[in-house]
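Note on naming: letters A, B, ... go to the chains in the order of the sequence lines (proteins, then strands), and numbering restarts at 1 for each one.
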There are 2 protein chains.
Amino acid sequence: MYSTMQDVPLLVSRLLRHGSTVHSDSQVTTWTGGEAHRRSYGETGARAAQLAHALTDELRTEPGDRVATLMWNNAEHLETYFAVPSMGAVLHTLNLRLPPEQLAWVVNHAADRVVLVNGTLLPLLAPLLPKLSSVEHVVVVGEGDTSVLAGCRPAVHDYETLLSGRPTAYPWPDLAETTAAALCYTSGTTGDPKGVVYSHRSIYLHSLHVNTVEAMAVSSADLALPVVPMFHVNAWGLPHAAFLGGVSLLMPDRFLQPGPLADMIEAERPTYAAAVPTIWQGLLGELAARPRDISSLRRVTIGGSTCPPSLMREFQERHGVKVEHAWGMTETSPLGSYAHPPRGLTGEDAWSYRVSQGRFPASVEPRLIGPDGAEQPWDGVSAGELEVRGPWIAGAYYGGPETGPDRPADRFSPDGWLRTGDVGTITADGYLTITDRAKDVIKSGGEWISSVELENHLMAHPRIAEAAVVAVADEVWGERPLAAVVYAPNGDEAGTTSGGAPDGAAADDSGRDAPGHEALRAFLADRVPRWQLPERWTTIDEVPKTSVGKFDKKQLRARHAAGELGVVTLDRLDD
Amino acid sequence: MYSTMQDVPLLVSRLLRHGSTVHSDSQVTTWTGGEAHRRSYGETGARAAQLAHALTDELRTEPGDRVATLMWNNAEHLETYFAVPSMGAVLHTLNLRLPPEQLAWVVNHAADRVVLVNGTLLPLLAPLLPKLSSVEHVVVVGEGDTSVLAGCRPAVHDYETLLSGRPTAYPWPDLAETTAAALCYTSGTTGDPKGVVYSHRSIYLHSLHVNTVEAMAVSSADLALPVVPMFHVNAWGLPHAAFLGGVSLLMPDRFLQPGPLADMIEAERPTYAAAVPTIWQGLLGELAARPRDISSLRRVTIGGSTCPPSLMREFQERHGVKVEHAWGMTETSPLGSYAHPPRGLTGEDAWSYRVSQGRFPASVEPRLIGPDGAEQPWDGVSAGELEVRGPWIAGAYYGGPETGPDRPADRFSPDGWLRTGDVGTITADGYLTITDRAKDVIKSGGEWISSVELENHLMAHPRIAEAAVVAVADEVWGERPLAAVVYAPNGDEAGTTSGGAPDGAAADDSGRDAPGHEALRAFLADRVPRWQLPERWTTIDEVPKTSVGKFDKKQLRARHAAGELGVVTLDRLDD
């Protein structure tokens with residue numbers, strides 16, 4: 001039997017046409033640091049058509065060409081989001097926070113032909129241009145000191161001049177829905193950045209999902225504020241979803257510091273916002289120091305890294321904003337899971353679900369692969385590496401213009417699932433909790449020990465400032481945990497340590513009256529199974545950090561390998 | 001450039017797996033007339049697998065075979081919704097309200113091999129069985145008098161016996177997403193019913209849309225009550241969308257009368273419901289006569305036919321339920337448009353949008369084709385026949401097992417768009433208002449006159465009980481309107497007619513003191529453009545009706561053609 005449905009592809013140009021007609025009166029508002037610039041979706045559609053004409057007729061952009069953006073969140077960046085994929089080219093959003101040499105590497109790897117750059121970011125781009133061999137055109141968007149481009153090889157254009165006078169409609173081509181639409185590179189803490197190429201189909205399906213009640217639940221009734229940058233996994237899909245649902249957008253441009261953000265929220269009254277925990281932490285501090293009216297905000301999505309429950313509660317209790325936790329990565333478009341509590345639960349009952357990574361949408365199929373390679377049950381206890389499958393999940397990395405897709409075996413399973421590199425558990429009702437990164441988990445005698453869990457327990461001790469736990473080789477067990485602790489400066493809490501035991505207290509420690517390693521192990525023994533308790537301990541001055549402030553466990557492991565850590569080994573406890 | 005996204009098809013089996021794992025604790029509750037039967041989505045998934053095993057192993061159902069259901073809304077019908085398409089067969093939902101000869105016609109046209117029937121509906125099915133040549137198996141679901149099946153040709157099975165002891169997991173096949181999944185026939189007021197075949201892809205995309213905030217906005221926080229039958233365009237997509245979003249379902253089975261419905265709502269406390277206007281009208285009357293607590297209901301979707309604004313307001317004002325208007329048809333899966341008011345509007349400002357047919361979702365691309373075949377502007381005034389295009393819109397009808405797709409030119413444009421047969425306008429901000437059926441519109445001198453608009457104005461006159469307007473041939477203008485009016489019995493309002501003029505009053509009318517045709521035309525002249533005013537008038541005793549109570553304009557046109565209407569022709573007014 002045959003279906004009688006029409007054969008209509010899922011294309012970004014459909015989102016563009018829909019948003020600029022059915023929702024022509026929805027608006028994109030760009031903050032300019034004290035005022036706002038407003039543009040309707042109808043105008044945005046007309047300008048996207050002008051941009052496509054300029055790229056095609058003037059810059060000779062061809063289907064499949066990469067057009068890069070080095071831009072903040074603003075109305076012009078939104079125009080590129082729709083014009084470039086709709087005409088058949090590929091939008092490559094450049095992460096302006098990458099180290100310059102990585103930025104040059106990704107432009108060359110993608111072989112970008114055009115770079116659109118905000119005038120305020122020219123000082124970042126100009127020094128790189130001599131190294132960017134594929135770039136033929138630089139288009140400057142907005143004001144900036146263009147003298148830094150003097151004598152550069154690529155042709156330089158002004159965005160508004162380029163658009164001016166061109167037709168406000170464009171014959172968007174009928175593309176196959178699997179055509180490449182957008183390209184993001186992972187920031188790559190190890191090795192080179194990896195390119196993820198989204199298709200029209202994946203963007204369309206992801207946009208539909210973003211607008212469901214089970215995810216961000218944005219609609220034409222919202223003014224949505226993506227604080228998350230448009231170069232960070234397409235601002236979590238919000239710009240495309242905004243055209244699908246007629247969601248008005250508030251764009252912060254480069255005004256991302258807590259003070260300007262608070263001013264903008266008070267002035268423009270968004271109903272919804274999305275950002276990483278650090279942004280919300282900063283905003284909370286700002287509001288405590290200098291209150292503003294942020295009562296328009298009903299909900300915010302928090303993702304990018306695990307959010308401390310205390311931050312979620314403070315936001316909700318002090319400002320009446322519902323904070324929703326989400327998990328995802330560049331390879332998952334990014335929405336992988338979203339934490340709404342189960343039906344009927346409120347208050348404290350709901351919190352245990354709200355601080356989890358949440359539930360998977362229908363288009364993200366999950367499985368947990370345990371230490372022995374077997375699929376783990378969904379019991380909320382059995383841990384495994386999370387693998388996912390679905391139409392907006394990467395099945396490979398971009399190998400570059402000269403080569404085919406790149407499928408490293410540590411990132412993709414033989415049957416094509418993405419290995420997320422995250423270790424966690426799933427409950428019987430589908431809630432994911434991430435407990436560790438796969439590379440940091442301690443594989444001890446065929447079982448897994450979460451380094452993060454041990455660290456969190458240790459850091460809950462009043463005399464411990466920081467604690468990092470890494471795997472070290474063990475002849476009997478394969479790997480065992482090594483706990484590296486940093487004592488807090490001695491203070492009033494000294495007498496209140498709950499795990500303090502007289503034996504060995506502070507014998508080899510710098511902290512006066514601090515609990516010894518035996519005492520810390522006893523403290524942990526009340527909180528985790530005995531077989532997970534570390535025998536190896538060391539006291540350090542500070543946990544080494546990466547450039548973005550995360551624990552640098554690679555460096556800690558290297559220092560241990562070099563014999564620099566002065567490890568004390570306690571007797572293993574009887575089982 | 002290539003996309004690096006995984007190639008994963010959109011399948012009903014994905015919705016099934018998702019709903020029965022991530023939302024395993026969501027529930028389907030079936031009302032049994034005073035109590036309720038409850039089953040979790042986890043159990044539903046296990047039983048769907050058992051059903052698939054029974055159909056495959058016992059009834060030898062093959063991929064592509066049609067499996068029909070003659071069932072009410074209940075948990076077992078939900079099981080067929082997922083088992084049959086997921087295994088690669090096609091679910092054909094039979095409309096139990098069709099005349100028996102049409103029911104037999106559609107079973108034979110679809111060549112159904114299996115019919116699952118609720119025991120309570122056996123008296124409807126049994127007399128038809130001798131005519132159903134393709135049916136090999138009848139599966140009786142639930143209690144009923146099976147003696148009526150004695151001696152019938154097809155093999156008879158009991159549903160629970162068939163499922164019992166079979167494996168609770170099934171290796172759902174990897175199908176192409178364009179595979180046929182479900183089949184509905186239009187009720188066909190003229191000619192034979194037409195079959196619409198939904199694909200896995202169209203059902204998946206439609207389900208995503210149903211769960212967006214711009215449409216029904218249901219989620220795992222809801223208990224949704226589809227009063228709309230599961231044989232009526234898949235209960236507007238709610239069962240499939242329920243598994244996508246983890247939406248718990250409340251099923252009314254055969255208890256659709258206002259009293260039992262009100263009892264069920266009070267007892268089970270749904271948060272959302274969907275039904276045609278007639279159902280809500282009946283429920284309002286029931287609640288006025290005998291109040292129940294329906295405060296759990298936050299929103300209802302009303303569709304299937306245009307809802308009187310008075311009904312929407314009464315529901316909202318008396319019971320605090322938000323009534324949302326929607327438009328669609330069997331050929332549109334069915335969601336074609338949905339009426340949420342624009343951002344920021346409330347109260348009376350919002351009502352003018354809420355009573356419209358609403359806005360189109362991104363996957364439904366609309367155009368209005370005017371009298372001259374040209375596309376009409378979106379100005380809220382220019383009328384045209386609505387044509388739509390999209391991945392869940394029919395591009396043909398099912399021609400039967402022996403033939404290819406059927407594309408009648410009056411239903412599908414040469415470039416493949418569906419001609420909806422509805423005439424209306426679209427505002428600049430995308431709101432559709434249906435003003436007439438295309439076959440009833442009056443094509444006068446290259447312009448269109450809405451018969452419904454003239455009728456509504458006439459029926460607003462206090463002395464007019466009913467009015468029907470039909471097109472009649474005119475030598476000069478092609479077509480002109482003929483107004484057939486039914487006077488209300490003479491009463492107190494006689495003196496209050498606003499358009500009353502002395503000339504010709506009641507000269508040829510049966511109603512004493514009733515306004516004459518000249519007076520009625522003068523009444524209309526204040527309300528519509530002069531060129532739309534009818535010259536031809538007649539007074540009749542009653543407007544002929546179809547079996548479902550709609551104005552039967554075909555019959556009225558036939559009576560006019562036979563010269564039975566005694567038409568009075570007024571002088572045409574000067575322009």
Task: Best-contacting candidate, A:F360, A:W392, A:Y398, against chain B by heavy atom pairs under 4.5 angstrom - done: A:Y398
Open item on the list: Please classify the contact of A:S199 with chain B as side chain, backbone, both or neither, using a heavy-atom distance under 4.5 Å.
Closed with: both
TODO: Look at B:G430, B:P342, B:A180 and state which one has the largest set of heavy-atom pairs under 4.5 Å with chain A.
DONE: B:A180
Open item on the list: Quick check for you: to the nearest 0.5 Å, what is the distance between A:T179 atom OG1 and B:Y2 atom OH?
Closed with: 15.0 Å
Open item on the list: Only pairs of heavy atoms separated by less than 4.5 Å count here; which of A:G390, A:S202, A:A111 has the most with chain B?
Closed with: A:G390
Open item on the list: Shorter than 4.5 Å, heavy atoms on both sides: which option in B:T21, B:T271, B:V22 has the most such pairs with chain A?
Closed with: B:V22
- [ ] Using a cut-off of under 4.5 Å on heavy-atom pairs, state which of B:G344, B:G64, B:G245 scores highest against chain A.
- [x] B:G245
Task: Region of B:S333 that comes under 4.5 Å of a non-hydrogen atom in chain A - done: side chain
Open item on the list: Is the shortest side-chain heavy-atom distance between A:R201 and B:M5 below 4.5 Å?
Closed with: no
Open item on the list: Under 4.5 Å from any heavy atom of chain B, what part of A:L418 do you find: side chain, backbone, both or neither?
Closed with: both
Task: Rounded distance (nearest 0.5 Å) linking atom NE2 of B:H18 with atom OG of A:S363 - done: 8.5 Å
Open item on the list: Is A:P366 close to chain B through its backbone or its side chain, or both, or neither, when contacts mean heavy atoms under 4.5 Å?
Closed with: neither
Task: Interface residues of residues 206-221 of chain A facing chain B - non-hydrogen atoms under 4.5 Å apart - done: A:L208, A:H209, A:N211, A:T212, A:V213, A:E214, A:A217, A:V218, A:S219, A:S220, A:A221
Open item on the list: I'd like to verify something: which residue of A:I426, A:I393, A:D7 has the highest number of heavy-atom pairs under 4.5 Å with chain B?
Closed with: A:I393
TODO: Measure B:D222 against the heavy atoms of chain A and call it side chain, backbone, both or neither at under 4.5 Å.
DONE: backbone
Task: Top contributor to chain B contacts, counting heavy-atom pairs under 4.5 Å, from A:G404, A:P63, A:G195, A:G42 - done: A:G404
- [ ] Please flag which part of A:L183 lies under 4.5 Å from any non-hydrogen atom of chain B: side chain, backbone, both or neither.
- [x] side chain
Open item on the list: If I measure from the heavy atoms of chain B, does A:W378 come under 4.5 Å with its side chain, its backbone, both, or neither?
Closed with: side chain
Open item on the list: Can you tell me which portion of B:P401 sits under 4.5 Å from chain A's heavy atoms? Options are side chain, backbone, both or neither.
Closed with: neither
Open item on the list: I'd like to verify something: which residue of B:Y431, B:Y204, B:F412, B:F243 has the highest number of heavy-atom pairs under 4.5 Å with chain A?
Closed with: B:Y204
Task: B:V196 portion near chain A, given a 4.5 angstrom heavy-atom threshold - done: both
Open item on the list: Just so I understand: if I count every heavy-atom pair under 4.5 Å between each of B:H23, B:H340, B:R407 and chain A, which residue has the most?
Closed with: B:H23
Task: Rounded distance [0.5 Å steps], CZ in B:R66 versus CE in A:M1 - done: 5.0 Å
Open item on the list: Quick check: do B:T4 and A:K194 have side-chain heavy atoms less than 4.5 Å from each other?
Closed with: no
Open item on the list: Less than 4.5 Å to any heavy atom of chain B: does that hold for the side chain of A:D429, its backbone, both, or neither?
Closed with: both
Open item on the list: What part of B:L10 gets within 4.5 angstrom of chain A, counting heavy atoms only: side chain, backbone, both, or neither?
Closed with: both
Open item on the list: Under a 3.5 Å distance rule, please check whether A:Q6 uses its side chain to pair with a backbone N or O of B:P391 as donor and acceptor.
Closed with: no
TODO: Tell me, for A:L244 versus chain B, whether the close heavy atoms (under 4.5 Å) come from the side chain, the backbone, both or neither.
DONE: both
Task: Most contacts with chain A, counted as non-hydrogen pairs under 4.5 angstrom, among B:R17, B:R389, B:E331 - done: B:R389
Task: Main-chain N/O of B:R14 paired with A:E365 side-chain donor or acceptor, under 3.5 Å - done: no
Task: Side-chain touch B:L223/A:R343, heavy atoms, less than 4.5 angstrom - done: yes
Open item on the list: Does any backbone or side-chain atom of A:A428 lie under 4.5 Å from a heavy atom of chain B? Answer side chain, backbone, both or neither.
Closed with: backbone
Task: Which portion of A:E62 sits near chain B, non-hydrogen atoms under 4.5 angstrom - done: neither
